[in-house]
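In what follows, a structure is listed as structure tokens, so that the remarks can point back to it.
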Protein chains: 2
Amino acid sequence: MAATMQDVAQRAGVSIKTVSNVVNGYPYIRESTRQRVLDAIQALDYQVNAAARNLRTGRTGIIALALPELSLPYFAELADAVIEAADEQGLTVIIEQHGGRRERELDVLSGVRRHLTDGLIYSPLALGEGDEARLEVDFPLVLLGERIFHDPVDHVTMDNVEAARAATAYLLGLGRRRIAVIGVHPGEVVGSAGLRLTGHLAALAEAGIPPDDALLGPAGLWHRATGAEAMASMLDAGVRPDAVFGLNDALALGAMHELQLRGLRIPEDVAVIGFDDIDEGAYANPGLTTVDPGREQIARTAVEMLSTRIGSRGATAPHRVVADYTIVVRGSTEPGHDRPA
Amino acid sequence: MAATMQDVAQRAGVSIKTVSNVVNGYPYIRESTRQRVLDAIQALDYQVNAAARNLRTGRTGIIALALPELSLPYFAELADAVIEAADEQGLTVIIEQHGGRRERELDVLSGVRRHLTDGLIYSPLALGEGDEARLEVDFPLVLLGERIFHDPVDHVTMDNVEAARAATAYLLGLGRRRIAVIGVHPGEVVGSAGLRLTGHLAALAEAGIPPDDALLGPAGLWHRATGAEAMASMLDAGVRPDAVFGLNDALALGAMHELQLRGLRIPEDVAVIGFDDIDEGAYANPGLTTVDPGREQIARTAVEMLSTRIGSRGATAPHRVVADYTIVVRGSTEPGHDRPA
DNA sequence: CCCCGAGCCTACATCGTTGTAGAGGCTCGC
DNA sequence: GCGAGCCTCTACAACGATGTAGGCTCGGGG
């Protein structure tokens with residue numbers, strides 16, 4: 001049986017409340033008393049009972065991170081960063097995988113685990129315009145990604161349009177003209193797919209290049225497999241791009257795999273750029289050029305925003321932070337860039 | 001303010017305990033009463049307060065999964081599987097990243113979060129022989145991986161020796177004779193590195209091939225980067241293997257990257273096999289042949305074992321489960337195997 | 001000399017739930 | 001028609017911590 005404050009109090013010859021005060025850093029305690037209590041704690045290997053503290057204070061010290069799935073490297077790396085950032089704030093993270101399924105995404109907002117947590121960092125996929133109202137919840141919430149405009153809550157995101165524009169502009173700068181886009185969600189406007197496509201089209205327009213629907217490869221899920229499939233059907237249809245813009249790295253890597261299977265050389269025949277800068281891209285063959293969306297910064301900012309929200313019960317106006325992006329050049333667009341790995 | 005059982009009880013005109021009984025499925029309740037309570041719960045949008053329940057029952061419904069880091073795809077995919085399996089048992093998972101650092105690994109066993117959780121699924125890296133005693137903890141614990149022999153606790157693992165022997169035997173069967181091993185931990189016996197090397201050497205011995213130390217590439221951390229480095233220094237030293245056995249997939253992919261940078265063809269010049277069967281391997285170029293260690297099975301078994309342990313306070317003898325492995329053949333060892341992706 | 005505030009500590013109620021014990025009423029077999 | 005046993009429900013005391021309120025001592029200002 002684990003020791004309780006009662007046991008510590010008895011051993012130190014003080015009241016239970018004094019033990020509580022020592023544990024919580026209450027200043028008005030005689031040094032000798034504090035020492036006696038600390039010794040007793042040590043001797044009994046006492047640790048505060050989280051459940052009891054939670055009940056009394058209404059805080060659990062746990063935050064939830066809801067994301068599609070950890071098997072997707074981007075989200076695994078994001079989770080890694082969030083957990084580290086949370087650790088620094090003394091917070092523990094539980095992960096909820098919703099798999100991009102609308103019903104599970106909604107569950108996250110109302111589910112049982114809400115009572116287990118002080119707040120939520122939420123990266124939805126299926127939710128979109130029209131769901132704003134669902135986000136008006138009575139617990140601290142920080143939104144990741146860019147599914148929803150005019151949202152009533154804290155939000156950390158990146159400028160998808162601008163970053164995608166830069167990616168396409170970069171390919172155009174290399175002299176590429178027939179740029180395939182893999183991972184398109186036809187009709188979508190507000191999600192990452194829609195926004196990145198918008199940026200891409202804007203760059204084409206600036207360069208005076210007419211868009212070509214045959215170069216848009218749809219892929220609902222952004223996995224390697226779907227990227228490969230989308231690439232394959234485009235090639236099977238006789239389309240011959242000289243560059244590929246994967247709307248995320250997994251798609252780009254899948255597409256790259258398919259291109260190489262068919263004997264196309266990268267970057268000579270086809271240049272490939274991705275989005276996310278997952279670790280894996282640096283070790284692909286060739287290394288994958290990509291857009292670094294500032295994942296670290298996003299994770300850290302999100303945790304800090306949530307932490308402040310939790311701290312101050314007062315309803316402040318929602319904040320919106322936009323992370324910086326960078327283009328990371330590797331061998332999939334320019335030969336010879338893989339050396340420093 | 002969230003509704004409490006008190007509120008529900010009042011609205012339904014019953015005692016608070018009856019509400020509790022309804023919520024917990026106590027059988028002896030008149031159907032009409034149950035309905036009234038359920039209606040009240042619905043009307044008030046009542047959800048049980050987890051903290052209070054935890055305090056009373058001593059259970060939190062949370063388990064911890066301790067692993068090196070989520071950035072390593074193997075562990076991300078493992079975490080995915082564990083979370084799903086836990087969900088089915090009604091358990092929530094928190095993830096603790098210890099980064100393979102001994103001190104943090106020990107923290108996991110005694111840290112504050114112990115009080116937050118009902119049990120721990122523990123995948124250590126730095127712990128090893130001599131640490132058995134530390135595992136004699138007073139909470140449910142299931143060990144993953146094969147760091148420690150004669151352990152006093154539940155353990156889910158795979159037969160590393162046998163699987164590695166099969167991997168090397170497979171390469172030998174292809175006619176390869178100079179097999180480099182990447183990721184060796186010199187002097188280690190009980191960890192994955194040691195065991196897999198043992199299996200490798202056994203296969204060589206069976207085939208009557210003398211081992212060659214020059215073909216052993218050390219790498220402490222099993223990342224893509226360290227795999228590439230180990231491969232590079234071996235090649236720089238003038239060693240020319242005709243096959244590479246990466247002790248995990250990340251190492252193998254790093255090595256593959258380095259080989260290709262130097263213009264070596266895979267599998268013609270060098271065949272490459274990995275270990276773990278991470279998703280990424282299927283989409284490498286060429287696809288990475290690997291050993292599938294039965295990750296799903298491991299995750300599911302571990303959660304179930306932990307769940308039973310939590311359920312029955314009685315100290316049963318520790319169980320040990322060994323998962324099945326399979327060799328997954330792809331293009332990195334045999335051309336033409338990548339078609340079905 | 002008394003009062004006041006700062007410093008140090010304690011008693012008590014309380015957070016929201018569940019375990020224990022048992023009060024009634026009913027059915028059933030003899 | 002009566003006790004045994006089942007069904008249905010309730011009162012009360014925990015679980016282990018923290019918030020509130022207040023007691024006591026001591027030194028210094030009025």
Side-chain angles (χ1 to χ4, degrees), chain A residues 1-38 40-41 44-62 90 112-118 311 313, chain B residues 1-38 40-41 44-62 90 112-118 139 310-311 313:
Chain A
M1 218 44 221
T4 75
M5 272 197 179
Q6 187 63 255
D7 304 329
V8 176
Q10 204 157 351
R11 185 176 236 267
V14 297
S15 81
I16 175 178
K17 182 72 233 239
T18 297
V19 178
S20 168
N21 285 337
V22 168
V23 168
N24 292 289
Y26 181 72
Y28 298 135
I29 299 178
R30 207 197 321 265
E31 190 47 37
S32 61
T33 311
R34 181 198 304 285
Q35 254 328 309
R36 252 183 317 139
V37 170
L38 289 177
I41 287 178
L44 297 173
D45 190 26
Y46 168 78
Q47 288 186 280
V48 313
N49 178 318
R53 171 179 283 180
N54 296 348
L55 176 58
R56 194 59 241 235
T57 63
R59 296 264 178 78
T60 65
I62 303 180
V112 197
R113 300 209 170 115
R114 262 198 40 207
H115 275 281
L116 232 47
T117 56
D118 294 339
R313 254 16 209 149
Chain B
M1 218 46 223
T4 75
M5 274 194 177
Q6 187 62 259
D7 305 330
V8 176
Q10 204 156 355
R11 184 177 238 264
V14 296
S15 82
I16 177 179
K17 181 71 228 230
T18 296
V19 178
S20 169
N21 285 337
V22 169
V23 169
N24 292 288
Y26 182 73
Y28 296 135
I29 299 178
R30 207 196 320 265
E31 191 46 39
S32 62
T33 312
R34 180 198 308 285
Q35 251 333 305
R36 250 180 320 140
V37 171
L38 289 178
I41 286 178
L44 297 173
D45 190 26
Y46 168 77
Q47 289 186 281
V48 313
N49 178 317
R53 171 179 282 179
N54 296 348
L55 176 59
R56 191 60 240 233
T57 62
R59 298 265 177 77
T60 64
I62 303 181
V112 199
R113 296 203 174 124
R114 263 197 39 207
H115 275 282
L116 231 50
T117 56
D118 294 339
F139 56 91
I310 293 172
R313 260 0 215 163

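Worth knowing before you read on, the calculation uses all heavy atoms, side chains too, and leaves out hydrogens, waters and symmetry mates. A, B, ... follow the sequence lines: proteins, then strands. Residue 1 opens every chain.
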| task | Using whole Å, report how far CG of A:D7 lies from C1' of D:dA17. | result | 13 Å
| Whole-Å distance between D:dT18 C1' and A:M5 CE? | 8 Å
| task | Find the distance B:Q6:CD to C:dT14:C1' and express it as a whole number of Å. | result | 13 Å
| query | Below 4.5 Å, heavy atoms only, C-beta onward: do B:V22 and B:I29 meet side chain to side chain? | reply | yes
| said: Does any part of the side chain of A:L44, heavy atoms only, come nearer than 4.5 Å to the side chain of A:Q10, both counted from C-beta? | reply: no
| Distance-only donor-acceptor check, side chains A:T60 and A:D118, under 3.5 Å | yes
| message | Please check this pair: side chain of B:N24 against backbone of B:N21, looking for a donor-acceptor N/O pair closer than 3.5 Å. | response | no
| field | d(CG, A:L55; P, D:dT18) in whole Å | value | 11 Å
| task | Tell me which residues in residues 17-35 of chain B put a heavy atom below 4.0 Å from DNA chain D, sorted by number, or none. | result | B:K17, B:T18, B:N21, B:Y26, B:Y28, B:I29, B:R30, B:T33
| Nucleotide C:dG16, atom P - distance to CD of B:Q10 in whole Å | 14 Å
| said: Any heavy-atom pair between the side chains of B:S20 and B:I16 that's under 4.5 Å? | reply: no
| Any donor-acceptor N/O pair under 3.5 Å between C:dT17 base and B:R56 side chain | no
| request: Could you check how far CD1 of B:I16 sits from P of D:dC12, rounded to whole Å? | output: 13 Å
| Where the side chain of A:R11 meets the backbone of A:A40, is there a donor-acceptor pair that is under 3.5 Å apart? | no
| remark: In whole angstroms, the gap separating C1' of D:dA17 from CG of B:N54 amounts to 14 Å
| request: Find which nucleotide of DNA chain D each of B:V14 and B:T57 is nearest to by heavy atoms, and output the residue with the more 5' nucleotide. | output: B:V14
